[in-house]
Amino acid sequence: RVVQPLRKGVPYCFTVNMVFDAKADTADRPAVVRVWGGAGGCIQKELLWTSPVISDTVWRKYQVCFQPKQEHSELMLEAYYASGNLPYYG
């Protein structure tokens, strides 16, 4: 839950550090990270941003920027396989 709702049409940016864990059981399947906007109950209403494929084994800083098309009171980060349609469990 965000402190104040994200407003429609307003640009937002933040940075996040991410790394690919080559020692994990899923080391042969790099991931992407998705940022979703929603409202209550972790319901994903709008996909706001998708990272490039995370395959570096060294920590990297990524800039996340988006402009919602609707108002949101929650942000959800989801790790997802870079290829395929299954959530990432690594």
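The chain is numbered in sequence order, starting from 1. Nothing here was measured: the structure is a model prediction, and the numbers come from that model.
Contacts of Val53 classified as side-chain contact (heavy atoms from CB on, under 4.5 Å), with partners at least two apart in sequence or in another chain: Pro30, Val32, Ser55, Ala82. With sequence neighbours excluded, the residues forming a side-chain hydrogen bond (donor to acceptor under 3.5 Å, both in side chains) with Trp36 are Glu78, listed by chain and number.
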Distance-only check: which donor-acceptor pairs under 3.5 Å involve side-chain atoms of residues 39-48, not counting sequence neighbours?
from, atom 1, to, atom 2, distance (Å)
Glu46, OE1, Lys69, N, 3.2
Glu46, OE1, Gln70, N, 3.4
Glu46, OE1, His72, NE2, 2.7
Glu46, OE2, Lys69, N, 2.9

Just distance, no hydrogens or angles: give the donor-acceptor pairs under 3.5 Å from side chains in residues 3-12, sequence neighbours left out.
from, atom 1, to, atom 2, distance (Å)
Tyr12, OH, Arg7, N, 2.8

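Interatomic distance, Trp49 CH2 to Cys13 SG, rounded to the nearest 0.5 Å: 10.5 Å. Atom CD1 of Ile54 and atom CE of Met18 lie 4.0 Å apart (nearest 0.5 Å).
Here salt bridge (charged side-chain N to carboxylate O under 4.0 Å, His left out) pairs that include residues 50-68, with residues two or more places apart or in two chains, are Asp56-Arg60.
Contact annotation: the side chain of Phe14 approaches that of Phe66 to within less than 4.5 Å [non-hydrogen atoms, C-beta and beyond].
Using a 4.5 Å cut-off between side-chain heavy atoms of Ile, Leu, Val, Met, Phe, Trp and Tyr, Val19 falls into a hydrophobic cluster with Trp59.
Leu75 and Tyr62 fall within a single hydrophobic cluster, where Ile, Leu, Val, Met, Phe, Trp and Tyr are joined by side-chain heavy atoms under 4.5 Å apart, directly or via other members.
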